[in-house]
Amino acid sequence: MNDQKLKFGLVGAGAIAQSYVQAFEHCETARLVAVADIREEAARALAHGARCEHHTSYQAMARRSKLDAVIICTPPDNHPGICLYFLERKVHVLCEKPLSVELKAAKLMIETARQAGVKLTMASKFRYVEDVVRAKAIVMSGILGEIVLFENAFTSRVDMSSRWNANPKISGGGVLIDNGTHSVDLMRYFLGPLSEVQVVEGKRVQGLTVEDTVRIFVRSVGGVMGTIDLSWSINKELDSYINIYGSHGTVFVGWRQSKYRQSSSPDWVVFGRGYDKVQAFRSQINNFARAIRGEEALLISAEDSLASVEVIEAAYAALRRSHWTTVNHKVGSVTKPAGVAAANSTAA
Ligand SMILES: NC(=O)c1ccc[n+]([C@@H]2O[C@H](COP(=O)([O-])OP(=O)(O)OC[C@H]3O[C@@H](n4cnc5c(N)ncnc54)[C@H](O)[C@@H]3O)[C@@H](O)[C@H]2O)c1
């Protein structure tokens with residue numbers, strides 16, 4: 001029933017906010033009561049579709065709409081200021097990824113939520129995809145044996161030349177923080193805390209001041225290695241976005257189908273029908289709302305949100321430091337391995 005639903009506000013009426021509006025339709029735990037955006041046209045249009053109020057500032061929304069919780073859908077540099085504003089007013093906050101582009105600000109957000117006694121979580125939609133949840137249960141069951149390798153790729157061609165995503169003052173970096181925040185959160189979800197990270201940058205083909213293609217190498221505390229490919233400039237055209245390989249089997253989480261195979265069996269077992277964005281967003285809102293009501297734990301705790309910021313910060317440090325060993329290819333000076341006679345030495 002409507003009255004028992006928590007009242008939510010949305011800050012930012014841009015691209016991702018559209019997915020939230022879709023998710024609020026048929027949402028059993030929460031309803032959208034207000035939208036705020038500094039672009040009045042955007043706020044009005046979104047609010048019209050969602051049949052709710054609109055405001056031209058989040059402060060006005062906080063004053064005029066009685067809210068239990070907000071979802072922050074503005075560009076990343078704004079996240080700390082807007083989140084702190086609501087947390088200090090004891091409004092629960094679900095903040096889009098990345099929680100913050102700075103670790104210090106992320107810690108302040110978490111401490112503020114703790115002191116205010118309200119929930120703070122970071123949006124990370126893939127954790128709520130039903131196939132991802134099932135794949136995690138398969139991994140945890142042990143039927144794939146000892147997990148050795150985790151692979152993930154989020155690659156698609158997007159022209160970022162005129163978008164804030166490629167302005168590091170707003171976004172904190174390039175594809176590494178943009179798509180990589182999802183990736184490191186997923187790897188932590190499956191394999192626990194991460195201990196080491198290395199990043200290699202690909203050729204920049206968009207002429208941006210930030211990285212548009214990277215390969216990340218990660219190791220979990222439990223010793224599982226991971227490789228993650230991220231790009232705004234190529235599309236790997238893969239059927240699956242997560243592949244996990246164990247000593248007794250493999251699981252693929254795919255865009256259209258998910259399946260696993262144990263090495264003892266010739267057959268793949270299909271366990272899911274792929275990625276459903278609206279389902280994932282709705283499950284995310286439901287988990288957040290139920291956590292506010294004390295009915296279940298947050299799937300992504302404040303500490304999980306902070307861990308993503310920490311791993312991405314470490315990844316940028318690795319990218320800056322990136323150590324390569326030069327291959328010595330000097331023509332005509334091939335060194336003779338000890339004990340091997342050169343072909344022409346006897347002929348001389
Ligand atoms: N979960 C996902 O899959 C996913 C996908 C895309 C984006 N995102 C994240 O969502 C956030 C928003 O991304 P987007 O692509 O929707 O951006 P966008 O540029 O399309 O929309 C951002 C909106 O915020 C508004 N805005 C900016 N400052 C504001 C302020 N102070 N008060 C109110 N409104 C303000 C802008 O006017 C704009 O309408 C980012 O953190 C991004 O990383 C997540």
Side-chain angles (χ1 to χ4, degrees), residues 11-12 16 70-88 92-116 118-128 150 152 154 164-199 201 210-211 214 216-221 226 228 230 284 287-288 291 297-322:
V11 184
I16 204 64
V70 285
I71 304 178
I72 311 300
C73 298
T74 58
D77 62 329
N78 282 339
H79 291 175
I82 302 176
C83 287
L84 290 172
Y85 179 88
F86 284 102
L87 293 171
E88 284 162 359
H92 305 276
V93 175
L94 191 167
C95 180
E96 256 305 334
K97 60 84 198 165
L99 187 65
S100 162
V101 300
E102 280 176 2
L103 189 55
K104 207 170 144 194
K107 286 181 176 165
L108 178 62
M109 291 156 78
I110 285 165
E111 181 52 24
T112 306
R114 199 190 59 76
Q115 283 183 14
V118 290
K119 301 285 181 200
L120 169 65
T121 185
M122 182 188 75
S124 190
K125 64 184 176 192
F126 288 102
R127 278 209 199 198
Y128 301 90
F150 171 95
N152 160 243
F154 289 129
W164 60 256
N165 306 63
N167 178 346
K169 287 204 175 82
I170 297 175
S171 60
V175 74
L176 176 53
I177 189 164
D178 194 29
N179 295 1
T181 301
H182 285 300
S183 302
V184 300
D185 182 65
L186 272 175
M187 186 164 169
R188 288 185 73 260
Y189 177 55
F190 278 99
L191 301 164
L194 306 179
S195 59
E196 290 181 290
V197 60
Q198 176 62 284
V199 182
E201 184 178 352
V210 291
E211 73 288 350
V214 291
I216 310 176
F217 300 89
V218 212
R219 206 190 317 270
S220 75
V221 169
I228 296 166
L230 308 172
Q284 180 171 262
N287 172 248
F288 181 50
L298 272 177
L299 183 56
I300 302 177
S301 66
E303 290 66 31
D304 290 322
S305 313
L306 185 65
S308 291
V309 181
E310 287 169 341
V311 177
I312 292 297
E313 187 172 278
Y316 273 104
L319 178 60
R320 283 192 294 273
R321 203 182 308 123
S322 217

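None of the values given here were measured: they were computed from a predicted structure.
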Taken in chain and number order and not counting sequence neighbours, the residues that satisfy salt bridge (Lys or Arg N to Asp or Glu O under 4.0 Å) with Glu201 are Arg204
Residues at least two apart in sequence or cross-chain that pass side chain to side chain donor-acceptor pair (under 3.5 Å) with Ser100, listed by chain then number, are none
Could you please spell out the steps behind the side chain to side chain contact (heavy atoms under 4.5 Å, CB included) verdict for Ser220 and Val218?
-> CA-CA 7 Å; Ser220 75; Val218 212; over 6 Å; no
Side chain to side chain donor-acceptor pair (under 3.5 Å) filter on Glu102, not counting sequence neighbours, yields none
Check whether any side-chain heavy atom of Asp77 sits under 4.5 Å from a side-chain heavy atom of Lys169, and report yes or no. no
Residues passing the side-chain contact (heavy atoms from CB on, under 4.5 Å) test with Ala314, sequence neighbours excluded, are Val197
Residue set satisfying side-chain contact (heavy atoms from CB on, under 4.5 Å) with Asn165, at least two apart, ordered chain then number -> Met160, Arg163, Asp178, Trp232
For Arg320, the side-chain contact (heavy atoms from CB on, under 4.5 Å) test, sequence neighbours excluded, returns Tyr316, Ala317
Which pairs would a plain distance check flag for residues 118-127, meaning a side-chain donor or acceptor within less than 3.5 Å of a matching protein atom at least two apart in sequence or in another chain?
unit_1 : atom_1 : unit_2 : atom_2 : d
Thr121 : OG1    : Ile300 : O      : 2.6
Ser124 : OG     : Asp185 : OD2    : 2.7
Lys125 : NZ     : Tyr275 : OH     : 3.4
Arg127 : NE     : Asp185 : OD1    : 3.3
Arg127 : NE     : Asp185 : OD2    : 2.8
Arg127 : NH1    : Leu299 : O      : 3.1
Arg127 : NH2    : Asp185 : OD1    : 2.8

Residues pairing under side chain to side chain donor-acceptor pair (under 3.5 Å) where one sits in residues 105-115, two or more places apart or in two chains, turn out to be Glu111-Arg114, Glu111-Gln115
Taken in chain and number order and not counting sequence neighbours, the residues that satisfy ring pair (Phe, Tyr, Trp, His ring centres under 6.0 Å) with Phe288 are Phe8
Taken in chain and number order and not counting sequence neighbours, the residues that satisfy side chain to side chain donor-acceptor pair (under 3.5 Å) with Asp304 are Arg188, Ser301
Does any part of the side chain of Asn78, heavy atoms only, come nearer than 4.5 Å to the side chain of Pro75, both counted from C-beta?
yes
Between Thr74 and the options Ile170, Val11, Ile16, the side-chain contact (heavy atoms from CB on, under 4.5 Å) test singles out Val11
Report yes if some heavy atom in the side chain of Leu194 is under 4.5 Å from a heavy atom in the side chain of Val184; otherwise report no. yes
side-chain contact (heavy atoms from CB on, under 4.5 Å) filter on Val309, not counting sequence neighbours, yields Leu99, Leu103, Ala106
